[in-house]
Amino acid sequence: MTALLLDRVTKDFGEKRAVDDLSFAVRDGELFGFLGGNGAGKTTSLRMVLDIIRPTAGRIEILGRAPGRENSADLGFLPEERGLYRTMTALDTITYFGQLKGMTRNDARAQGRILLDRFGLGDSAGTKIEKLSKGMAQKVQLATAVVNSPKLLVLDEPFSGLDPVNQALLEDEMRRLSRQGSTIVFSTHVMQHAERLCHRLLLLADGRKAFEGTQDEARATLPARLTLVARETPAPLPGVASASRLGECDGWTEWDVRLDPGGDPGDLLQACTERGFALRRFEQGRASLHDVFIHIVGAEEGRA
Amino acid sequence: MSNPILLVAAREFRQIAATRSFWITLLIVPFALAIGPVASHLMQKSHTENLMLIDPSGQAAPAIQERIELEHERQTLQSLSRYSESHDLDHADPKAPWAQHDHYYSDFEVKTFAASGGVKHAQAEMRRVAAPDTPPFDEPDPDYKIVPTPPAIAASSPAQLARTLPGLINPPRKDRGAEPLNYAVYVPADFATGRSPVQIWSDGAVPGQLMGVLQDTLTRAMRLRFLEAQGVRPEMADAAQRIAPLITVNRPSPGKGHEQVIIRSILPLLVSYLLFMSLMLSGSWMLQGTVEERSNKLIETVLACISPDELMYGKLIGTVAVGLTMVAIWVFAAIGAAFATQGMIADVLRPALAPLAQPSVALAMIYYFLAGYVMVSMIFLTIGAMSDSFRDAQAYLGPVMLVIAMPFAIIAQAVIRDPMSLGVRIMSWIPIYTPFTMLSRLGAGVPLWEVIGCGITLGLFIAVEVVFLGRVFRASLLGSGSRPTLAQIGRLMRARGSA
């Protein structure tokens with residue numbers, strides 16, 4: 001089942017087109033990364049999903065329904081710009097947002113206590129938000145987003161402003177919810193988090209979709225890169241786009257090899273074997289999402 | 001309670017109720033009511049002024065003193081007459097002068113009243129028939145008290161008096177005694193010849209009443225001498241002095257006429273004032289809350305759960321609830337004070353509550369109160385949604401408050417003068433002034449068609465206001481950056497779709 005569907009969605013703010021003909025689908029239980037640079041249209045897209053703003057054109061489906069407040073019982077949302085009522089206590093804050101999402105007061109309070117305990121804030125349940133540290137307040141904010149055990153959790157730049165300890169806590173919470181069956185969509189421009197968490201991802205550039213797929217599929221968009229240690233240059237071998245000398249040692253030379261787009265390193269290894277091409281090392285490099293992002297988004301923004 | 005509007009309203013209420021300023025404001029009225037009578041008693045100052053008579057001949061001063069006492073007795077008799085009429089005590093002695101309310105008491109009547117025991121006797125008569133809860137008669141203070149003339153001053157020449165008396169009338173601060181001297185009157189022995197003037201020293205304008213007493217008393221003495229000099233027998237000359245017209249006075253009984261308009265307008269005016277006070281306070285608290293939501297980046301989290309309309313209506317209801325709670329507590333405190341005290345407050349409150357005896361007036365008052373609250377709260381709410389800080393909000397609040405608050409004092413005064421005047425009636429039809437004006441007027445009686453017409457106009461205005469300002473509210477919630485200009489606000493009002 002599809003948890004979230006955007007079909008040819010466009011959003012204009014006056015003359016400015018923030019989101020342009022965007023289509024993608026997030027399947028049930030997926031941890032879906034929504035990647036893009038600043039101003040790419042991530043927050044606007046997520047606000048449309050939550051019905052905070054309406055699209056200019058296109059169709060959105062959430063858990064099989066149109067966007068609207070009737071979905072709030074199944075939704076969790078952590079905005080990029082965070083804030084809480086300063087004079088409310090941590091537990092009251094979580095309870096209030098739980099009730100706004102349709103929970104009973106008792107259920108919201110009980111779940112709030114469980115979350116505060118899990119986040120190490122059990123002793124601060126009755127403390128006003130203004131008395132909490134920034135990190136503690138951010139945990140409370142996360143608790144308000146997940147208090148209703150949402151079927152679909154939307155996180156807008158969830159790691160921004162968090163220290164490494166809280167980043168790890170958030171990653172753990174996201175994995176836990178994912179294991180429990182929640183679908184999670186999160187936006188970020190920090191690729192390491194996406195690399196660790198995403199099942200699938202979407203790259204957004206200037207409001208347009210630049211890529212949608214798995215991490216492997218994303219990496220496959222980059223030419224394969226190998227490090228070879230050989231006696232001769234691998235440049236003449238079939239499928240090699242370029243070979244640069246990195247250094248020499250005991251008569252062997254280390255080469256940085258790039259394959260033609262779509263080239264398979266296995267084919268190159270097979271060609272080496274068939275031709276008696278002496279190899280001392282054959283190491284396949286793994287492109288990072290950062291490289292993929294620069295490659296795809298950079299090219300898209302260059303075209304724009 | 002799972003209705004999001006009520007949840008927002010309850011949170012709004014709790015947030016405001018948790019502030020110190022709310023409790024200070026809430027308790028300040030009961031506190032003022034509690035200490036008011038005590039403070040008033042402590043600060044009560046006698047209006048009696050001190051008068052020194054310098055009379056070398058020794059003939060004028062007794063006549064002036066007698067006349068001043070006579071005037072005080074007349075004033076007392078008039079007050080007693082009013083008191084008797086107010087509390088329906090005339091039947092205690094229907095022939096007594098205080099049971100006659102239709103004429104100006106002659107000197108003879110006043111003297112007879114004083115000779116027959118004065119106030120004490122009259123009160124004893126009244127007590128026989130008075131209801132147990134009838135408050136006691138509060139005798140008015142005399143206007144003037146004759147103070148003894150020091151021998152040194154009594155023996156002074158006019159030239160010496162001119163040097164000495166100004167210092168006694170207006171002494172340096174350190175020399176001021178417990179009993180200041182307000183007036184000194186010098187009556188020369190030959191005043192009747194018209195050669196030497198009667199002189200008055202005063203620190204300011206001499207009251208007409210005192211001038212009248214002096215003029216009348218001294219003129220009588222001069223006329224008497226003149227008539228006697230003309231050969232008129234003394235008893236005839238004296239009788240001529242007593243000739244006076246009978247003056248009847250036609251005025252409404254206590255609590256009627258203009259007095260009735262004022263008394264019946266007290267409660268509506270008070271309600272109008274309470275509306276204004278509580279609106280300004282609860283509105284500014286709500287505004288602070290809305291500004292906080294915007295500046296703390298809370299809005300997005302809230303809007304992911306509920307719609308902007310639910311947020312708007314919740315805030316409105318919360319604010320109205322805060323205002324009504326304040327007003328309810330103030331009213332209960334006032335009623336408590338009225339029951340706990342006797343006399344003036346209770347006397348005024350009973351007739352002041354009379355308009356509420358008519359269900360239509362009571363309903364109209366509730367409607368105009370609530371409608372006024374919603375109308376102005378909506379303005380506060382929109383200002384809050386457009387402002388990133390309280391300073392931003394002040395820029396909008398200033399002119400808005402000027403437009404709403406400035407005419408308030410004028411309306412109250414105009415209603416007291418004439419609740420049916422053209423100006424007041426016109427103000428009743430201008431929606432932003434309708435609640436205050438109509439609440440102020442309702443006690444004095446407003447034609448039903450006007451009550452209904454103004455009410456419908458106000459209701460329509462609020463509906464339009466909620467639609468247009470609601471658009472600004474929704475569009476401004478997620479906005480940031482500089483404050484919208486008037487032109488931008490106009491565009492937001494016309495834009496149908498939000499965001």
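In what follows, every chain begins at residue 1, and chains take the letters A, B, ... in the order their sequences are listed.
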Q: Which residues pass the ring-ring contact (aromatic ring centres under 6.0 Å, His included) test with A:F34, sequence neighbours left out?
A: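 Testing A:F34 for ring-ring contact (aromatic ring centres under 6.0 Å, His included), a comparison that skips the adjacent residues, returns A:F24.
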Q: What are the residues of residues 167-175 of chain A, in order of number, with any heavy atom under 4.5 angstrom from a heavy atom of chain B?
A: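 Residues of residues 167-175 of chain A touching chain B at under 4.5 Å: none.
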Q: Tell me which of these, A:L50, A:D156, A:L75, A:L84, has more heavy-atom pairs under 4.5 Å with chain B than the rest.
A: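 Option with the greatest count: A:L84.
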Q: Can you check whether anything in residues 61-73 of chain A gets within less than 4.5 Å of chain B, heavy-atom wise, and list it by number?
A: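 Contacts with chain B: A:R69, A:S72.
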Q: Which residues, numbered in order, of residues 370-383 of chain B come under 4.5 angstrom of chain A by heavy-atom distance?
A: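 So no residue qualifies.
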Q: Considering non-hydrogen atoms only, spot the tightest contact between B:T301 and A:P79 and give its length.
A: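 Looking at all heavy atoms of both residues, the closest pair is OG1-CG, 3.3 Å.
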Q: Stepwise, does the side-chain contact (heavy atoms from CB on, under 4.5 Å) test hold for B:L7 with A:F97?
A: CA-CA 10 Å; B:L7 279 170; A:F97 281 100; over 6 Å; no
Q: Between A:M88 and B:R11, which heavy-atom pair has the shortest distance, and what is it?
A: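 Minimum heavy-atom contact is SD-NH1, 3.7 Å.
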Q: Can you give me the closest heavy-atom contact between B:C305 and A:L100, atom names plus distance?
A: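 Here B:C305 and A:L100 meet closest at CB-CB, 3.9 Å.
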Q: What part of B:A304 gets within 4.5 angstrom of chain A, counting heavy atoms only: side chain, backbone, both, or neither?
A: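 Contact with chain A: backbone and side chain both.
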Q: Are side-chain heavy atoms of A:Y85 and B:V302 found at a separation under 4.5 Å?
A: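 Side chain of A:Y85 against side chain of B:V302, heavy atoms only: contact under 4.5 Å found.
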Q: Any side-chain heavy-atom pair from A:T43 and B:E300 closer than 4.5 angstrom?
A: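 Sidechains of B:E300 and A:T43: in contact.
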